[in-house]
Asker: 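What follows is a single structure, and I will ask about it in a moment.
In the text below, chain A, chain B and the rest are named by the order of the sequence lines, each starting its count at 1. Scope of the values below: all heavy atoms of this structure, side chains included, with no hydrogens, waters or symmetry mates.
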Amino acid sequence: MIPIPSTLAQWSHYIAACLFALGLFGFLIRKNGIVVLMCIELMLNALNLFLVEVSMRSSHPEGIIFVIFIITVAAAEAAVGLGIILNLYRLKGSVHVDLFKSLKG
Amino acid sequence: MDNLLLWTILLPLLTAVVCALLPVKVSKIVAVASTVVGLLLACLIYERFIPEALNGFQMVLRVPWITRYQINFALGVDGLSLPLLLLSKFIMPIALLASWGITNHARVLTICFLVLDAAMAGTFLATDIFLFYIFWEFVLIPMILIIGVWGSSERIYAALKFFLVTFAGSLLMLVAIFWLYTSYHAQFGTYTADIASLGYIKFSTDPVLWGLTAQEWVFLAFALAFCIKVPLFPLHTWLPDAHTQAPTGGSIILAAVLLKMGTYGLLRFCVPLTPDAFARFSPIIAVLGLVGIVYGAWVAFQQEDAKRMVAYSSVSHLGFIVVGICALSPEALSGAVLQMVNHGLSTGGLFLLVGILYDRRHTRKLSEFGGLAKVIPWYAFFLVLISCSSMGVPGLNGFVGEFLILLGTFQTHPLWATVAVSGVVFAAVYTLVMLRAVIWGPVKNEENLSVKDINPREAFLLGVLSLFIVWLGVAPQSLLGKIKPSLDVYWSQNSGNRETASVILPPRDSVEGEAGPRE
Amino acid sequence: MRDGLFIAFGILTILGGLGVVVARHAIFSAFSMVIAFFGLSALYVLWGSNFIAMLQILIYTGAIVVLFVFVVMLLDLKKESSLDTGSGLAVMLSGATVWFFSLLILRAMNRGSYFASEKVLVSQDMRVISHLLFTKYLWPFEILSLFLLALIIGVCVLARPDSKEGPHK
Amino acid sequence: MNNLVNQFFVPLSPILAIVLSAIGVTILECFPKVSLQRAKFALSCFGVLCSLACTLFLWREGIGAPTAEALSVAPTWLAEFHEQYRLDIFSLAFFFAAGVFTLISLILVHFHFTHREGPREIYLLVLFVSMGIYFLISANSLLILFLALELLSLPSYILVGAQKGDHKGAEAALKYFLFGSFATVLLVLGMAFLYSNYGTLHLTTLAKRIADYLAYANSPPEMLIFTLAAIALLIVAGGFKVGLAPFHMWVPDTYEGASTPVTAFMGSAVKLAGFALLARLFWGVLLPLSDRWVVMLNALAVVSMFWGNLAALKQDNLKRLFAYSSISHAGYLILALTSVSAGGAPQFEALYYYLFTYGLTFLGFFAAVSFIEMHEKTTNIYELSGLGFSKPWLGACVALLVLSAAGIPPTAGFLAKYLVFLEAIKAGHTITVILAVVSSLIGAYYYLRILVYLYMKEGKTELTLARKQPLLLGVIVFTALSMLVLAAFPKLF
Amino acid sequence: MQVVLFGLILIPLLGAILNGLVLRSKHTRVAGGIATACSAACFLLALSLSLNYFETGTPLSAALPWMSAGPFVLNWGLRFDALTLVMTLVITGIGTLIHLFSIGYMDEEKSPYRYFAYLNLFLSAMLLLVLGDSLPVLFVGWEGVGLCSYLLIGYWYEDIDKANAGMKAFVMNRIGDAAFLLGVFICYQQFKSVTFTEMAHLTATSNSLSVWWLEMAALCLFVGATGKSAQIPLFTWLPDAMAGPTPVSALIHAATMVTAGIYLVARTAFLFQVSPDVSQWMAYTGAFTALFAATIALVQKDIKKILAYSTVSQLGLMFVALGVGAYSAALFHVMTHAFFKALLFLAAGAIIHGLHGEQDIFKMGGLRKHFPLTFLFSSIAVAAICGLPPFSGFFSKDAILFAALASPTGDVLLWGVASLASLLTAFYMTRFYLLIFFGDYRGEAHPHEGSALLWIPLAVLAVGSAFAGLVGMPHGLHMLPDYFGQLLSPVLPAWQETHAFLGEIGAMSVAVAVAALGIGTAFVIYRKGTGTGEKLARAFSPLYKLLLGKWYIDELYELTIVLPFKALCRFSSRIIDRAIDVTVLFPARLARVGGTALSLVQVGAVQVHLWIMVLGGLVLLWWALRGLVV
């Protein structure tokens with residue numbers, strides 16, 4: 001039984017939020033497909049941090065379980081995302097996402 | 001399955017399926033035969049219809065359908081629907097035969113007509129508001145196909161316009177139907193889609209939006225749908241296009257039956273379901289009808305295209321019917337119902353005649369014709385006769401309806417009748433101008449000299465139409481007498497206060513056990 | 001001590017995240033991501049969730065980032081001359097959106113009430129978690145296995161080089 | 001043993017059938033040198049058929065979820081399993097729909113990829129997506145919802161980009177993937193918020209706690225902050241999945257870019273899953289807060305209807321056109337979702353009926369598109385010219401399907417709209433319904449355009465059937481007929 | 001016996017159908033024979049009915065159901081009373097003669113069956129008009145005769161002017177008909193019945209009637225009558241109607257149809273009795289129409305136009321009689337006028353036929369040699385119309401003039417105007433007579449007398465013109481009883497003689513003097529052909545042109561009514577309808593614009609799409625949390 005440090009309790013979710021915001025920002029503005037994927041990972045990690053915080057604060061293990069699943073899924077998503085990016089690279093020789101806008105209107 | 005009403009709907013549908021499988025020529029014959037049988041069925045219904053049975057619908061059929069919402073497949077016939085059923089069944093073989101000459105995709109055309117037949121019969125016979133709506137909208141589909149596939153050059157535009165404008169109105173009606181339906185549920189704790197039962201809804205008198213009460217909104221939603229279909233004055237612009245572009249058979253049905261669905265709807269829904277709102281708004285609608293009478297005639301007078309002229313004349317004629325409905329006097333009511341039939345015969349006949357001319361000359365421009373009385377005397381004879389019916393020459397059917405409408409309207413609203421009477425004059429103007437342009441005068445155009453007179457098939461159609469035109473002019477009592485008691489009841493229930501009416505008459509739900517509100 | 005560590009690793013994490021977003025070359029983004037993940041796992045340790053911290057290092061840093069780096073290397077992307085962010089307007093709009101978005105989230109996190117707020121930490125060690133995984137969360141766990149099977153097959157489909165082979169050849 | 005059968009295998013049988021057939025297909029995949037496509041197709045179909053049969057069996061036998069008493073004497077793991085696995089009438093109904101959609105999609109896939117190159121594993125991927133849908137439908141925990149959603153999403157990203165060398169497919173996959181993963185992030189964020197507020201991932205418990213929270217008279221509004229934020233985020237995530245504006249931007253691009261049967265599958269089964277997710281969350285959990293989310297969802301529904309219908313007016317590509325149409329239909333479906341009067345129970349029937357008929361319409365139409373694509377190589381609306389006469393039966397079926405999509409009587413599409421609107425009016429959403437009605441008027445125009453091309457334009461060439469395609473034509477006829485049958489006998493549901 | 005009443009209508013109707021639809025004979029004699037036979041059968045039937053009436057003295061009536069709606073019940077009710085008797089005899093009698101004449105006149109026609117079918121149809125409608133026992137039934141005949149008139153005027157439809165004349169007649173009649181209908185509605189509103197007997201009965205007995213409404217009814221019916229009987233302001237169609245075959249002009253536009261208005265007013269006399277203002281108006285309208293038409297007739301050159309304006313003028317006189325309450329005098333004049341005007345028209349027809357279509361009297365002259373019989377009969381007719389005793393016109397016109405003077409509602413002005421009209425009538429008829437039959441022949445065509453079919457009817461009519469007046473001798477002469485008045489007395493109210501400055505004999509003397517003056521003046525001017533007349537015309541050139549141009553009433557109507565109406569129609573069709581169409585379709589256009597805009601939003605760049613999604617989520621989040629965190 002260790003008391004929660006006040007900084008941890010007060011600032012942890014700030015870090016999560018910052019990370020999330022950074023991820024989201026990068027997600028929206030970066031044109032390199034791979035970096036965009038990384039930004040998604042950043043956002044997921046921010047969520048993980050938040051979930052761990054919640055779970056630990058309440059001494060409740062479900063959040064941790066959730067985090068484990070999220071990590072797994074994130075890995076899978078990264079794999080699929082990279083596969084898709086690879087596919088695109090094969091077609092166009094670039095991973096610049098704005099090159100792919102033939103579908104519109 | 002021994003219900004006649006059901007067969008009036010089923011028969012054409014089954015025939016449509018059969019026709020889809022048969023060779024084209026056979027399918028045409030089968031279709032005509034089937035519609036003739038349909039007509040006989042309608043006659044049988046007419047025969048079995050008991051005028052004195054005052055309590056609502058007769059030959060009722062009720063099959064549970066969506067039980068969860070108490071929606072039934074319910075059919076019935078009363079004095080309002082009987083004439084229109086007869087009309088639609090009568091017009092159908094005529095329309096089919098009028099389209100006999102169409103050779104491209106003739107089988108599909110036949111099927112469209114048959115489906116239309118079923119849908120129209122269903123519209124007039126449905127006593128369940130949901131079923132009514134289904135048929136009401138379903139009519140549009142075969143009709144736009146008929147216009148859009150077999151029409152003239154601008155057919156697609158006309159078909160889309162026809163569909164979208166009429167669909168627009170009916171969608172708002174749908175919302176009103178929902179509203180009625182849920183209100184009934186809120187008030188009586190049970191659902192019903194029975195049209196008569198929905199009349200028991202008590203509306204609050206508080207305004208809900210823009211100072212109008214719920215009842216008025218419901219009324220407006222219904223009225224919009226029906227007035228577009230009629231079509232009432234500012235909502236009429238789809239009609240000339242649809243009529244002009246449609247093939248002859250389509251025009252005939254459109255004019256003869258489809259427009260009547262609007263006036264029928266006004267009578268069937270707007271008046272009984274929302275009586276107070278009707279009382280409040282009927283002057284506006286009547287004024288629009290009056291404007292339509294006059295305006296339709298004026299515009300018809302200016303038309304170059306024969307079909308457009310007849311179309312605008314429909315606007316004018318239907319104006320009479322609307323005014324008659326709004327006047328809500330027993331004479332005008334009978335007149336309006338009769339006039340629906342009359343207009344169907346005369347305008348249907350006119351479209352047939354224009355179509356015959358179009359078949360021969362491939363133009364409908366009035367200026368292309370002239371002097372045809374010399375070349376095709378029989379055609380001229382029928383044109384004059386049916387034109388006379390259209391402009392209400394007494395002794396023919398058009399007069400009886402118009403006369404009763406005006407007579408009845410004058411009893412409640414002398415001013416309306418006075419304005420409407422001017423329509424009689426204008427009708428003569430544009431009809432006579434049309435006659436002059438087509439059959440009188442010298443034969444100016446060489447091509448007109450080789451025009452052939454009507455063939456036996458056309459002569460038969462025109463003859464039958466003329467026969468009924470004269471018949472209804474001379475002996476309208478055969479129809480009026482059948483529907484009179486029913487209309488009298490209708491009138492007494494819907495004019496003034498309902499309490500006295502219910503004292504005079506047995507309550508509506510005493511005959512149909514299920515009709516009334518259930519606890 | 002814990003506070004100091006927390007602040008340090010927190011800053012490290014955020015800097016790592018920033019690096020991911022602003023690095024010009026993808027490979028630097030990947031390396032920044034390693035820094036961020038490392039900081040995060042440290043934070044997990046501080047929160048007392050050693051198991052997650054371990055997973056973070058193993059899976060994220062060890063597998064995912066490696067995957068990224070591998071792909072970046074494979075694709076041989078040239079170093080971009082400027083940050084590939086699109087027009088300034090887009091950046092500003094996105095920035096404003098993100099700022100407002102995170103503001104809302106953050107304030108929600110600040111004001112929202114957590115379901116329990118005993119100021120204590122209970123160690124969630126591996127035993128507890130694995131027990132849960134194999135009893136209460138066995139069903140999701142099995143689904144996860146199917147998920148991974150699907151993933152393997154899917155990635156196979158994606159990554160397989162163009163085969164001119166039709167299904168019925 | 002009997003217990004195990006009755007309380008585990010039997011309730012799980014619809015899913016098990018799919019899983020087993022998927023494993024079977026996986027085994028078949030191990031022999032890449034042999035062309036086993038037909039066998040895989042047959043096995044997949046067999047699995048789905050078995051699943052359907054199991055569903056119907058369970059339906060007839062009265063759902064089949066064990067009772068509380070039965071569970072109290074059952075082994076712990078079984079009780080814990082049933083805590084996570086939810087088998088109710090909702091699940092069964094959605095199982096059935098998902099099964100039917102999957103089966104038809106499989107047929108479409110089979111047809112499509114018989115004639116062109118595609119991955120061998122496509123049936124397997126479809127089965128995985130379908131599996132994900134089944135899990136999602138029967139989920140009783142946020143965790144499983146999340147997992148199942150991923151299980152159905154990842155293979156569908158791959159399905160979209162499955163055709164090698166197809167620029168459009170690859171682009172569509174990228175867009176779908178980016179949207180999907182971002183939606184996942186938001187979904188998880190929402191779930192995390194719910195979890196942080198209530199401390200559980202279990203849906204039933206969650207629902208109970210929310211109800212308790214609200215019942216607790218002095219609960220300050222701050223207590224609901226996480227829940228409300230979660231509502232917003234779940235709407236975004238679910239809205240993405242069902243293609244609700246403004247989270248729909250991927251839909252046109254992806255539907256256009258994906259191969260036709262995949263689009264059909266996504267537009268029917270995946271959309272169904274999206275609604276299962278939304279219904280599970282908003283009806284199962286957040287119902288007491290309906291006054292909060294109904295407004296939001298209704299607003300989005302209206303935006304969706306108009307956005308979809310208006311944007312569809314300009315489209316000439318049938319797939320894109322139906323993509324926009326599906327956006328507007330998402331709006332109508334959301335209306336069914338929000339038709340919960342205060343304190344009233346949600347009206348499951350309307351939503352389900354709409355989903356089912358719409359799914360069939362979509363599948364049937366895309367079967368026809370697939371057919372046309374095979375002959376004409378494009379999916380442009382012009383390819384339909386004159387089809388109504390050159391192929392009267394096919395044309396009639398397409399016309400019927402289009403009419404149903406437009407919601408014109410006497411098709412099931414109309415009845416579906418009718419029920420949805422009725423429920424919405426009952427719930428008091430009159431203005432929304434009026435707007436919905438106006439938007440369906442706009443929509444009628446582009447559906448009519450299809451009808452115009454079918455019947456009113458001259459066809460360029462006569463379509464000649466390259467090969468007999470009984471299955472595909474069977475699908476088209478079946479879906480078209482079901483539009484009439486479902487309308488005539490809605491009691492089948 | 002009652003069935004016989006329907007027979008009166010059905011026989012000519014069957015004749016029409018037989019001729020027009022079944023046989024369609026191209027031989028004038030066959031078609032004409034059938035038609036004439038039908039007409040003659042009607043005459044015999046009418047005669048037997050009349051005899052029956054004379055014997056029993058009770059009206060005969062018959063009814064078949066027509067329509068019923070609510071409380072309104074209407075029958076095809078026919079009633080044969082004294083008024084009907086007179087009209088029926090005139091119609092069938094003169095009708096038969098004219099049918100007969102037509103056989104000779106239309107001998108070179110290509111489709112005579114059409115002509116005779118129309119003629120029989122007309123007879124049927126006209127009989128229905130006079131037999132109908134209620135306003136609507138009367139109206140059926142009323143419109144029926146209008147239709148036949150339209151068809152017959154436009155019989156030679158290949159000449160577009162003739163078709164136009166028919167149309168003009170129909171439309172102008174329709175204006176009157178509209179008013180007629182309003183009158184019917186008012187009657188129904190007041191009496192809850194539309195049969196004449198009931199209405200008359202109620203007028204006499206009921207006190208719940210609104211006099212104002214009754215006056216309105218009378219006014220409406222009068223307006224209806226002005227349409228059919230060509231009174232101001234609806235008279236311009238009648239001269240144009242001369243485009244039809246001359247026998248038609250004789251039958252329809254002189255003898256029978258145009259008098260339907262008179263008949264209507266007489267039939268609804270009970271209404272006009274209680275509407276003195278309307279009666280007064282009617283009298284003045286009639287008087288001024290009489291004068292007005294007479295002035296125009298003074299200078300016309302077309303033989304039929306002169307007769308047409310003369311008809312208008314004579315009808316005006318009848319309305320004067322009706323207006324002052326002398327219904328029986330009006331009817332009397334209807335009868336005598338039918339004889340002499342039909343005779344005049346038929347004579348004109350014989351001449352036109354003999355001159356191969358020449359109608360300009362300035363190109364005639366001296367025809368008494370070529371048409372001796374026609375000349376003889378015309379002389380009688382002219383004498384009658386000028387009012388020379390003892391020809392029929394004298395008695396009837398005198399009765400009217402005296403009534404205009406001595407009736408309670410009459411006055412000197414009325415009498416003066418009517419007498420002036422008589423003076424002018426005498427003048428222009430004498431001019432007509434002199435220019436045609438005397439002097440030298442000024443035309444080119446070779447004149448010849450027609451066949452017996454042409455002159456036999458003339459002879460019969462001449463007898464009528466000469467002696468028909470004797471049945472209505474004025475009391476003042478104390479020679480013969482007023483059979484005519486006695487016959488009609490059960491049906492028509494009598495007028496009360498009041499003291500005037502002239503007695504009956506005095507008025508008669510003045511009338512004769514006036515006639516003599518007119519004849520004398522004309523004789524002075526036209527004795528030697530056209531010379532003096534032309535000089536006078538030059539002397540009074542503006543007036544002459546005004547009269548020759550018929551006071552330019554047609555042009556006035558064209559300018560004030562027809563052109564504005566056409567402009568209005570064009571405006572409605574080209575501007576208003578277009579505007580409505582654009583307005584109705586505006587939402588559709590708007591939707592297309594919206595669709596285009598939304599397609600533009602879909603730019604294809606994935607991050608823009610994502611940004612929109614984020615924005616949407618942001619708005620949702622803000623909405624969900626508003627008030628709590630922001």
Asker: Could you tell me whether B/Trp217 and B/Trp179 have their ring centroids closer than 6.0 angstrom?
Answerer: no
Asker: Distance-only, no hydrogens or angles: does the D/Arg320 side chain make a donor-acceptor pair with backbone N or O of D/Ala312 under 3.5 Å?
Answerer: no
Asker: Checking heavy atoms, do the side chain of D/Leu451, its backbone, both or neither come under 4.5 Å from chain B?
Answerer: side chain
Asker: Counting only non-hydrogen atoms closer than 4.5 Å, does D/Leu403 touch chain B with its backbone (N, CA, C, O), its side chain (CB onward), both, or neither?
Answerer: side chain
Asker: Output yes when B/Arg62 and B/Asp194 qualify as a salt bridge under the 4.0 Å nitrogen-oxygen rule, no when they do not.
Answerer: yes
Asker: Using heavy-atom distances under 4.5 Å, tell me whether B/Val149 contacts chain D through its side chain, its backbone, both, or neither.
Answerer: both
Asker: Side chain of B/Ser204, backbone of B/Asp206: donor and acceptor closer than 3.5 Å?
Answerer: yes
Asker: Side chain of D/Ser404, backbone of D/Leu400: donor and acceptor closer than 3.5 Å?
Answerer: no
Asker: Using a cut-off of under 4.5 Å on heavy-atom pairs, state which of D/Ile442, D/Val438, D/Ile434, D/Leu454 scores highest against chain B.
Answerer: D/Ile434
Asker: Relative to D/Tyr354, does D/Lys417 satisfy both conditions: NZ or CZ under 6.0 angstrom from the six-membered ring centre, and within 45 degrees of the ring's axis?
Answerer: no
Asker: Strictly below 4.0 Å, N to O, side chains only: are B/Asp241 and B/Arg155 in salt-bridge contact?
Answerer: no
Asker: Report the C-alpha distance between B/Tyr184 and B/Tyr191 in whole Å, list the side-chain angles of each, state the deciding distance to 0.1 Å, and finish with yes or no for ring-ring contact (aromatic ring centres under 6.0 Å, His included).
Answerer: CA-CA 7 Å; B/Tyr184 189 90; B/Tyr191 288 111; 8.8 Å; no
Asker: Using heavy-atom distances under 4.5 Å, tell me whether B/Leu174 contacts chain D through its side chain, its backbone, both, or neither.
Answerer: side chain
Asker: Which region of B/Phe135, side chain (C-beta onward) or backbone (N, CA, C, O), has a non-hydrogen atom less than 4.5 Å from a non-hydrogen atom of chain D, or is it both or neither?
Answerer: neither
Asker: Among B/Trp136, B/Phe167, B/Phe73, which has the most heavy-atom pairs under 4.5 Å with chain D?
Answerer: B/Phe167
Asker: Which one of B/Val139, B/Thr67, B/Leu209, B/Ile141 has the most heavy-atom pairs closer than 4.5 Å to chain D?
Answerer: B/Ile141
Asker: Side chain, backbone, both or neither: which part of D/Ala424 has an atom under 4.5 Å from a heavy atom of chain B?
Answerer: neither
Asker: Using non-hydrogen atoms only, which part of D/Phe414 is less than 4.5 Å away from chain B: side chain, backbone, both, or neither?
Answerer: side chain
Asker: What's the separation between atom OG in D/Ser328 and atom CG in D/Leu310, rounded to the nearest 0.5 Å?
Answerer: 10.0 Å
Asker: Checking B/Arg68 against chain D: side chain, backbone, both or neither under 4.5 Å from a heavy atom?
Answerer: side chain
Asker: Can you check whether B/Phe163 and B/Trp238 have ring centres sitting under 6.0 Å from each other?
Answerer: no
Asker: D/Thr411 versus chain B, heavy atoms under 4.5 Å apart: side chain, backbone, both or neither?
Answerer: neither
Asker: Would you say the ring centers of D/Tyr352 and D/Phe90 fall short of 6.0 Å from each other?
Answerer: no
Asker: Taking every non-hydrogen pair under 4.5 Å, which of D/Ile425, D/Leu422, D/Val437 racks up the most with chain B?
Answerer: D/Leu422
Asker: Need one label for B/Leu140: side chain, backbone, both or neither, based on atoms under 4.5 Å from any heavy atom in chain D.
Answerer: neither
Asker: What part of D/Ala399 is in contact with chain B, defined as an atom under 4.5 angstrom from a non-hydrogen atom: side chain, backbone, both or neither?
Answerer: neither
Asker: Go through D/Leu441, D/Leu415, D/Thr430 and name the one with the most non-hydrogen pairs under 4.5 angstrom from chain B.
Answerer: D/Leu441
Asker: Go through B/Tyr69, B/Tyr133, B/Phe130, B/Trp150 and name the one with the most non-hydrogen pairs under 4.5 angstrom from chain D.
Answerer: B/Phe130
Asker: When you look at B/Tyr264 and B/Phe226, which way does the ring-ring contact (aromatic ring centres under 6.0 Å, His included) test go after all the steps?
Answerer: CA-CA 8 Å; B/Tyr264 171 76; B/Phe226 299 139; 8.5 Å; no
Asker: Of the listed residues (B/Ala168, B/Gly151, B/Pro64), which shares the most heavy-atom pairs with chain D below a 4.5 Å separation?
Answerer: B/Ala168
Asker: Between D/Val452 and chain B, with a heavy-atom cut-off of 4.5 Å, which part of the residue counts as in contact: side chain, backbone, both or neither?
Answerer: side chain
